[in-house]
S.K.: 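One structure, as structure tokens, below. Some questions next.
Only this structure's heavy atoms are used, side chains among them; waters, hydrogens and symmetry mates stay out. These numbers were taken from a predicted model, which means no experiment stands behind them.
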Amino acid sequence: MALVTGTGCMLGAVIATYMAEDCSYESLVKACSFFKECGARAKTDKGNGTYMVNLLDNLGGQHEA
């Protein structure tokens, strides 16, 4: 994810969403774990642009089974 612009900001948004419901260390860990899992599912050999689209789809729950 370090090679794709905007993923750090996306992680911040995911963390804020989790922390809005429960401001705890556990929520922070859950947010980071969720983001990491979405990033792993988004992997592709097609390039960074496709990776970003796949990541957004995974974050929104619109990934292929």
S.K.: Could you see if L3 belongs to whatever hydrophobic cluster contains L56? Use Ile, Leu, Val, Met, Phe, Trp, Tyr and a side-chain cutoff under 4.5 Å.
M.R.: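 Per the 4.5 Å side-chain linkage, L3 and L56 are not co-clustered.
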S.K.: Taking all non-hydrogen atoms of both residues, which atom of V4 and which atom of T7 are closest, and how far apart?
M.R.: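 Closest heavy-atom pair between V4 and T7: O-OG1, 3.2 Å.
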S.K.: Under 4.0 Å between a Lys/Arg side-chain N and an Asp/Glu carboxylate O for R41 and E37?
M.R.: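 The answer is yes: the pair qualifies as a salt bridge.
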S.K.: Output yes when a side-chain donor or acceptor of S27 lies under 3.5 Å from a complementary backbone atom of C23, and no otherwise.
M.R.: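 No; zero donor-acceptor contacts below 3.5 Å.
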S.K.: First locate atom NZ of K46, then atom OH of Y51, and finally report the distance between them rounded to the nearest 0.5 Å.
M.R.: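 The OH atom of Y51 is 15.5 Å from NZ of K46, to the nearest 0.5 Å.
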S.K.: Would a hydrophobic clustering, with Ile, Leu, Val, Met, Phe, Trp and Tyr connected at side-chain separations under 4.5 Å, put V53 with V14?
M.R.: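 No, separate clusters.
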S.K.: Nearest 0.5 Å, what's the SG-CG distance between C38 and N54?
M.R.: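 Atom-to-atom, C38:SG and N54:CG are 11.0 Å apart.
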S.K.: Looking at OG1 of T44 and CG of L55, how far apart are the two atoms once the value is rounded to the nearest 0.5 Å?
M.R.: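 With rounding to 0.5 Å, OG1 (T44) is 12.0 Å from CG (L55).
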S.K.: Rounded to the nearest 0.5 Å, what separation is found between the OH atom of Y18 and the OG atom of S24?
M.R.: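 One gets 12.0 Å once the value is rounded to the nearest 0.5 Å.
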S.K.: Would you call M52 and M1 a side-chain contact if the rule is heavy atoms closer than 4.5 Å?
M.R.: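 Not touching, per the 4.5 Å side-chain cut-off.
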S.K.: With rounding to the nearest 0.5 angstrom, report the OG1 to CG distance, T17 to L59.
M.R.: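 Between atom OG1 of T17 and atom CG of L59 there are 10.0 Å.
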S.K.: Under a single-linkage definition using a 4.5 Å side-chain heavy-atom cutoff for Ile, Leu, Val, Met, Phe, Trp and Tyr, are L11 and M19 assigned to the same hydrophobic cluster?
M.R.: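 They do share one cluster, since a chain of ILVMFWY contacts under 4.5 Å joins L11 to M19.
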